[in-house]
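Just below is one structure, and these are the notes that go with it.
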Amino acid sequence: MSTPIALIDCNNYYVSCERAFDASLVGVPVIVLSNNDGCAIARSAEAKALGIKMGDPIHHLRDKVRAHGIRVLSSNYTLYGDMQRRVIAACEAFARDHEIYSIDETFLDLAGFEDRDLVAHARAMRKQVQRWTTIPTCVGIAETKTLAKLANAAAKKQSCFDGVADLRDEDVRRDVMQAFPVGDVWGVGGATARKLTDLGITTAGMLCDMPMKQARAVGTVVLERLVAELRNVPSAAVEMVEPQRKGMAVTRSFGTPVTTFDRLMGALTEYAMRAGEKLRSHGLVAARLTAFFHTNRHKPDRPQYAGSRTVTLHPMTNDSLELIAAARRAAERVWRDGYAYTKAGIMLDDLVAADMRPRTLFEDDGDKRARLMGALDEINGRFGRWTAVTASQGFKREWKLRSEMRSPSWTTSISEVPTVRA
DNA sequence: TCTGGGGTCCTAGGACCC
DNA sequence: TCTGGGGTCCTAGGACCC
C-alpha cells in the first residue's frame with residue numbers, strides 16, 4: 001500500500017486573504033482583479049452565485065457590479081504570498097513533508113500518519129489553519145496526486161464531505177469518479193475533453209477504465225500517466241526538494257499603449273531589473289534572454305505586430321545591467337515604428353546555479369558587479385522596490401500597470417499595518 | 001476606453017553530422 | 001517506380017496548470 005497524500009486547497013484564496021483584514025468584505029460578493037485590473041481572477045462564493053466566471057473581463061461586469069454592490073479589488077500579491085507562509089506553517093505539524101503546488105494549494109506527504117483516522121487528522125489541520133489565518137480550506141486525501149486533486153474538488157463541491165474527502169477506499173473512489181465530469185479532472189483541458197467526449201468518455205470513472213494504449217494515442221504519455229493515477233498507481237511523488245527551475249519570465253501589459261522605442265526600453269529595463277532580482281534571489285544565472293512586445297491581440301482590426309528576439313548571454317549572468325543591455329540588443333533588432341504596443345516582457349532560459357556556471361577564459365573579475373547588485377537588492381528590499389533604479393529606467397513609468405483598488409500591505413509594510421483601537 | 005502573469009511538459013520538424 | 005539511416009540538438013508550438 002502506498003503512502004497517503006493530502007492536498008490542502010484554500011477556498012477563494014485571494015478573497016479570503018482580503019477578508020482576513022477587512023471584515024466589511026465578509027458575506028458580500030467580492031472579486032479580485034488580475035494585474036492591470038483587467039479581469040476577475042478570484043471570486044467569493046456570493047460572486048460565483050451571481051454567475052461571474054473566472055477570467056471575466058471587468059468591463060463586461062460593470063452592470064452586475066453596480067446592480068449587486070459587488071466589491072472589486074486589485075490584486076495584492078505581497079499580501080497573498082505572506083499569508084501563504086502562514087497557512088503552510090499551520091500545516092507543518094500535520095505532515096511529514098510538503099510540496100507547494102501553487103499559491104493556494106499544497107500537497108502533504110502523510111507517511112507516518114497512516115495509523116490515524118486521517119479524516120479527523122485533516123479536520124484538525126483545517127481548524128488550525130482557520131485559527132491562525134482565518135482562511136477556509138478543503139482537503140482531499142488519496143494515494144496519488146491526481147486522486148488527491150479529485151478528492152479535493154469533491155470535498156469542495158459536495159457538502160456531504162464537510163470539507164474533507166478521503167478516496168483511499170475503492171468503492172468510495174468509484175462512486176465519486178462516476179459522478180465527476182471528465183473535463184474537471186486535473187490535466188484534462190478543453191482540447192482533450194473534446195476528444196474524450198467524442199469517444200463517449202464523459203466521466204472520470206470512464207476515463208479510469210479507458211485502455212492505456214488508447215489513452216496514449218489520444219493524449220500521449222501525459223494522458224497515459226493520468227489514467228494510471230486514476231487507477232491508484234502513482235506516477236508522480238510529492239517532491240521534497242524544489243526541482244531546478246528551467247526558465248523565468250517578467251511580463252506585463254501596459255497601463256497605456258507604448259508607441260516609442262524609448263518608452264518600450266523604459267519598461268524592458270524595469271522588467272530586466274526585476275528578472276535580475278529574481279535570478280539572484282534563487283542563486284541562478286541565465287544563458288539566454290528573450291525580449292518580446294506586441295500589439296493588442298484582442299483588436300484584430302487594428303494594425304498588428306509582434307516582435308520577439310532571443311540573445312545568448314555569455315558569460316551566463318544574473319547581472320541586471322547585463323540583462324538590460326541584452327534586452328536592448330534584442331529589442332532593437334525587431335523594433336518597428338508605427339504600432340501601439342500593449343504588452344512586453346523578458347524571458348530567461350537555460351538557468352543554472354550561479355556557482356555551477358561555466359567560466360569563460362577571459363572573464364574579468366565580476367566581484368565589483370556582484371557587490372553592486374547585492375547593494376541594489378538590499379536597498380530595494382529595505383526601502384521598497386524601485387527606490388534605486390538605473391538612469392535608463394527613468395522615473396516616469398507611464399507604462400506602468402493599473403492597480404487602482406489595491407488593499408494595503410497589511411502584513412508586510414510597517415507603514416500599512418492595521419490600527420486597532422480598544 | 002477596457003481582456004493577467006506566470007510556469008511545466010511533450011511533440012514535431014528542421015538543421016546538421018557521420 | 002525508386003531518392004540511406006541513424007543520431008543529436010534546437011526551436012516552435014500545443015496543451016495544460018493556477
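All chains are named by letter (A, B, ...) in the order of the sequence lines, taking the proteins before the strands, and each is independently numbered beginning at 1.
The side chain of T192(A) lies closest to dA15(C) when the candidates are dG6(B), dA15(C), dC9(B). For R225(A), the side-chain atoms get nearest to dC10(B) when compared with the rest of dC2(B), dG4(B), dC10(B). Of the candidate nucleotides dC10(B), dC17(C), dG6(B), dC17(C) has the atom nearest to the side chain of Y101(A). Comparing atom distances between the A191(A) side chain and each of dG4(B), dC16(C), dG6(B) picks out dC16(C) as nearest. Nearest nucleotide to the W186(A) side chain, out of dC18(C), dG4(B), dG7(B): dC18(C). Of the candidates dT11(C), dC18(C), dC2(B), dT11(C) carries the atom nearest the R288(A) side chain, counting heavy atoms from C-beta on. Taking only side-chain atoms of R252(A), from C-beta outward, the nucleotide of dC2(B), dC18(C), dG5(B) with the closest atom is dG5(B). With dG5(B), dG7(B), dT3(B) as the choices, the nucleotide that has an atom nearest any side-chain atom of R245(A) turns out to be dG7(B). The side chain of T220(A) has dT11(B) as its nearest neighbour among dG4(B), dT11(B), dG7(B). Listed nucleotides: dT3(B), dA15(C), dG5(B). Nearest to the side chain of K343(A): dG5(B).
Between S34(A) and the phosphate of dG5(B), there is no side-chain N or O to OP1/OP2 separation shorter than 4.0 Å. Look at K246(A) and you'll find a side-chain N or O under 4.0 angstrom from OP1 or OP2 of dC9(B). K299(A) has a side-chain polar atom (N or O) that falls below the 4.0 Å cut-off from OP1 or OP2 of dC2(B). OP1 or OP2 of dG5(B) has at least one side-chain nitrogen or oxygen of S253(A) nearer than 4.0 Å.
Looking at heavy-atom distances under 4.0 Å, R309(A) makes no contact with the nucleic acid at all. Residue-level contact check: V32(A) touches neither bases nor backbone, having no heavy atom under 4.0 Å from any strand. Backbone-only engagement by D104(A) is indicated by non-hydrogen atom pairs under 4.0 Å involving sugar-phosphate atoms exclusively.
In this structure, G55(A) and V250(A) both approach DNA chain B, and ranking their closest nucleotides by distance from the 5' end singles out G55(A). Summary of the strand contacts: P257(A) and K278(A) both lie near DNA chain B, and taking for each the nucleotide with the nearest heavy atom, the more 5' one is attributed to P257(A).
Rounded to whole Å, atom C1' of dG4(B) lies 9 Å from atom NE2 of H298(A). With rounding to whole Å, R216(A) atom CZ is found 11 Å from dT11(B) atom C1'. The distance between atom OH of Y77(A) and atom P of dG6(B), rounded to the nearest whole Å, is 9 Å. Residue F254(A) contributes atom CZ, which lies 14 Å from atom C1' of dG5(B) at whole-angstrom precision.
Checked against the 6.0 Å centroid threshold, W335(A) and Y341(A) count as a close aromatic pair. Aromatic ring centres of Y77(A) and Y14(A): separated by under 6.0 Å. The six-membered or imidazole ring of F94(A) lies near that of H121(A), with a centre-to-centre distance under 6.0 Å.
With no hydrogens or angles considered, no side-chain donor-acceptor pair links T260(A) and D262(A) at under 3.5 Å. Remark: the T203(A) side chain and the Q178(A) side chain contain no N/O donor-acceptor pair separated by less than 3.5 Å.
Look at dC18(C): its Watson-Crick or wobble partner, with both distances under 3.5 angstrom, is dG5(B).
For T295(A) (side chain) and Y305(A) (main-chain N/O), a donor-acceptor pair under 3.5 Å exists by modelled atom type.
If you take atom C1' in dG4(C) and the same atom in dC16(B), they sit 16 Å apart, rounded to whole Å.
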